[in-house]
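Notes to accompany the following structure.
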Amino acid sequence: MVENGPRIQKSLLSDSVFSIVISSSNNPITKYSVPETMTSVKQLFLVCLYLFSVLLTSTVMADKPAGYPFLSFDKALQQSAVSSKPVFVYFGRYGCGYCDKTNKEAFSNEQVRKLYTSHYILAYVDAESGKRVRLPSGERITERDIGTRYNAFVTPVFSFLTSDGKVINRMIGVQRVVDLIKAHETVQQKIQQAGK
Amino acid sequence: MRTVLFAFLMLINPFASAQHWAFSPAIEVTKIAGPGVFHHLDSSGRRSIAVSEATVAIAWEDNRSGNPAIYLARKKLHAKQFESEIKINVSPEAYEPSILAMDDNRFIVAWESDSKILARAVTATSMGPIITVSKTDGVQVSLARNRDKIYLVYSSMEKKYQQIWLQQLRLNGQKLEKINSCPLEKTIAKDHQFYPSITITGNILISAWEDRRPGHTVIMAAKSTLGTPCSFSDPQQVSDPPRQRSAAYGKGHGVARVTLAAFGKHVIAVWADKRDFREGYDIYSARYTGQNKSMFGANQKVQDSFGGIAQQWHASVAGNRAGQLIVFWDDNRDGDASITYSRPGEKGWSDDSVVSDENSLPHQTHPSVTLDEKGNAYLVWIDRKTKNGSTRLRYAEGKFMAE
């Protein structure tokens, strides 16, 4: 994020007022006007603005969480068929706020990471992507259209699937550590019951 | 339950059944080919159907041969059924064809193959040579024309990011000749640009696309003139941010798949928009009038308020020089996906109507539409028995009924 991090540009608008433009890359994000007389407040303001802008540009670039070996949807289903582990699908979106929150507050947990990486084949689907994948039926569709099949019309949606694409369980929206652990237990119980 | 609710809402709404296009019974463009064969109408800007004089043509991709390939089917407007389709590509795999009508019952089809954009002309009796359009790689092509000149936009990888490029072509008989090409922006944006659409009004060329440079996806647009097509204006954002901030949005609320159409002297951009994030995507629009400093005006929701209980996908828009305009999408408010449409009126967008097809299969999706100069609509879509079942293409004509 350092390369694309925010920059603050100060310019004098008049004798008593200057403007501050916070930009990321070449794109202005925010523009503020500050009275020149507020010298000490102004410095504090600048620091706050900087911190705010760092948060703004560095936090919400939601993607798959780090430390998880996510595959494409079709590769995950193929691997699931071989390994007999179910698939855990993360339907996310570029810039998705609740995805980022779940990544930070739940997927960063070591217990969650161990449970999910050891019990599931992980798939990440970008709900806006045109990337092509193949369904178990042989149909070629885009990642975006997977959303229409699995009713993932918001992000994030987390679905547990069998290797032939049937839904075992799903969760919608922000998840906490306890939610992910409970969902894992529920899915494992369902699998055990189905196997009996 | 949702079907009952929708039927009740339609009953209490006196305008809900008002239609201005009378649709003919739908006919098959293709039959269901059997298990494992799937048709796709997925061109960038959703341009899969075109009318040239007395001929309507539809371009799609299916995998009947084992590989994805491009096919084109034509029908004389007065004929009752489509002629046998012809295969357009020769390469092993081809995707996402976009079609454009030229004069004299000729069509241009452009598509993606091996990460390049290819194109060829199809006349009433033959096909022209295939040319490679993209300079290096290219995906997601969309087409517009002015007389014998053709303007293609597509997305091409530049260093790390997908960028939008323009290629100008000329149709000479049945041969396509390359004229010039350029990126829409001189400096490379520091994130991806996808799924462009292009249209022409007067001597103004307008392109819109999905743009990720703000850290989320927005719709952006730029314009140039036909005289200097490679002198595009700086891009402007078309999709508005939500009125209220919410942690749910993150950096932005999510938009996708913009499509453009010229109508009268104006242009409309239509796209899927998730600003009401609890209900999934809705269909939104913005107008270019050429009158304001800002290219496109305020965003308007196209679908009616009853659509809020459902998801909308795959918007397609068509207009004509007389100023008529129609927007189609697929909509699951009555349980299964249906082909739904709206038109602009004096008081905003009309209540939504559904294209009724007695012989249709339950899941109807991916509409693509064009209008002729009389306002008549030509519509193609995909239907299937189940969400994951085999597909076929359906076609219907909507006769414009003046108020």
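Chain letters run A, B, ... following the sequence lines, proteins first and then strands; every chain starts at 1.
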Q) A:Ser129 versus chain B, heavy atoms under 4.5 Å apart: side chain, backbone, both or neither? A) backbone
Q) Is the side chain of A:Arg140 donor-acceptor paired with the backbone N or O of B:Asp62 at a distance under 3.5 Å, no angle test? A) no
Q: Keeping the roles fixed (side chain from B:Lys387, backbone from A:Tyr150), state whether a donor-acceptor pair exists under 3.5 Å.
A: no
Q: State whether a side-chain donor-acceptor pair under 3.5 Å links A:Arg144 with B:Tyr281.
A: yes
Q: Select one option (side chain, backbone, both, neither) describing which atoms of B:His192 are under 4.5 Å from chain A's heavy atoms.
A: neither
(Q) If I compare all heavy atoms of A:Asn151 with all of B:Gln311, which pair ends up nearest, and what's the gap? (A) OD1-OE1, 3.5 Å
Q. Heavy-atom distance under 4.5 Å to chain A: side chain of B:Asp42, backbone, both or neither?
A. side chain
**Q.** Closest approach of B:His366 to A:Asp145 (non-hydrogen atoms, all atoms of both residues)
**A.** NE2-OD2, 3.0 Å
Q.
Is any side-chain heavy atom of B:Lys274 closer than 4.5 Å to one of A:Glu128?
A. no
Q. Which atoms of B:Val255 come close to chain A, meaning under 4.5 Å heavy atom to heavy atom: side chain ones, backbone ones, both, or neither?
A. backbone
Q: Sort B:His39 into side chain, backbone, both or neither according to what part of it lies under 4.5 angstrom from a heavy atom of chain A.
A: neither
Q: Please examine the side chains of A:Thr148 and B:Thr365, heavy atoms only from C-beta on, and report whether any two atoms are closer than 4.5 Å.
A: no
Q: Taking the side chain as every heavy atom from C-beta outward, state whether B:Tyr95 and A:Arg132 have any atom pair closer than 4.5 Å.
A: yes
(Q) Tell me which of these, B:Gln140, B:His363, B:Glu96, has more heavy-atom pairs under 4.5 Å with chain A than the rest. (A) B:Glu96
